[in-house]
Trainee: 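I have a structure here, written as structure tokens, and I will follow up with some questions on it.
Throughout, numbering of the chain's residues begins at 1 and tracks the sequence.
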Amino acid sequence: MHENKFNIVEGGVMSLEELGHEIGEITGMRVKRFEGMESRVVAQKPGTDQEFETFNIRFDFEESDDFVDVVFTADKKSRIEDYDFKKDRVKVQLMSYKRMDAPKENESSKVEE
């Protein structure tokens, strides 16, 4: 849906607040919260020699149940508590728009209200 514009942001380095603003500009919707819900991707472990950590974050919208799922990396820190995603700049790796609302014009005529 927004993949062409997401491609422009992917690979960029920015704060999560800036990322939230970008997502709002691309989708035309207000992002509900910038802090999102960060979670570390542990599939990369035990890559102790890597100088980055990989995280997922979800940006929800005010107007819709749809959301944008983002995979980003951040410079590796010794403890998870040392990350400050309100200040730290991250590298956006992948963005996916998840559609949860069915548009009215695409609903089946067999569905009764």
Trainee: Got a sec, which residues hit side-chain hydrogen bond (donor to acceptor under 3.5 Å, both in side chains) with D88, two or more places apart in sequence or on another chain?
Mentor: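 Only K77 meet the side-chain hydrogen bond (donor to acceptor under 3.5 Å, both in side chains) criterion with D88.
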
Trainee: Got a second to check how far R99's CZ is from D65's CG, nearest 0.5 Å?
Mentor: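 Result: 11.5 Å between the selected atoms.
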
Trainee: Of all residues at least two apart in sequence or in a different chain, which pass the side-chain hydrogen bond (donor to acceptor under 3.5 Å, both in side chains) check with D82?
Mentor: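 With sequence neighbours excluded, D82 shows a side-chain hydrogen bond (donor to acceptor under 3.5 Å, both in side chains) to S78, R79, given in chain and number order.
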
Trainee: Taking the side chain as C-beta and beyond, is there a heavy-atom pair between V68 and F6 under 4.5 Å?
Mentor: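 V68 vs F6: side chains touch.
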
Trainee: Transitively linked via ILVMFWY side-chain contacts under 4.5 Å: M14 with I8?
Mentor: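 In one cluster with M14: I8, no.
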
Trainee: Give a yes or no answer on whether the side chain of D69 reaches the backbone of R58 with a donor-acceptor pair at less than 3.5 Å.
Mentor: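 Such a contact is absent between D69 side chain and R58 backbone.
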
Trainee: Within a strict 4.5 Å, meaning less than it, do heavy atoms of the L19 and F59 side chains meet?
Mentor: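 A side-chain contact under 4.5 Å exists here.
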
Trainee: For residues 22-30, which side-chain N or O atoms pair as donor and acceptor with protein atoms under 3.5 Å away, sequence neighbours left out?
Mentor:
from : atom 1 : to  : atom 2 : distance (Å)
T27  : OG1    : I23 : O      : 2.8
T27  : OG1    : M29 : N      : 3.3

Trainee: To the nearest 0.5 Å, what is the distance between OG (S64) and NZ (K98)?
Mentor: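 With rounding to 0.5 Å, OG (S64) is 14.0 Å from NZ (K98).
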
Trainee: Take the angle between the ring planes of F55 and F72 and call it parallel below 30°, perpendicular above 60°, tilted in between.
Mentor: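 Rings of F55 and F72: parallel, under 30°.
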
Trainee: If we only count heavy atoms from C-beta on, is the E10 to L94 side-chain gap below 4.5 Å?
Mentor: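 Of all side-chain heavy-atom pairs linking L94 with E10, at least one is under 4.5 Å.
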
Trainee: Nearest 0.5 angstrom please: L16 CG to K87 NZ, how far?
Mentor: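 Taking CG in L16 and NZ in K87, the distance rounds to 14.0 Å.
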
Trainee: For Y83 and E53, which heavy atoms make the closest approach, and how far apart are they?
Mentor: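 Distance-wise, the nearest heavy atoms are OH-CG, 2.8 Å.
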
Trainee: How close do V70 and M95 get, heavy atom to heavy atom, and via which atoms?
Mentor: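 Minimum heavy-atom contact is CG2-CG, 4.1 Å.
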
Trainee: Under the rule for side-chain hydrogen bond (donor to acceptor under 3.5 Å, both in side chains), what residues qualify as partners of Q93, not counting sequence neighbours?
Mentor: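 Here the qualifying residues are T73.
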
Trainee: Looking at residues at least two apart in the chain, or sitting in another chain, which of them share a side-chain hydrogen bond (donor to acceptor under 3.5 Å, both in side chains) with S96?
Mentor: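 Not a single residue meets the side-chain hydrogen bond (donor to acceptor under 3.5 Å, both in side chains) criterion with S96.
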
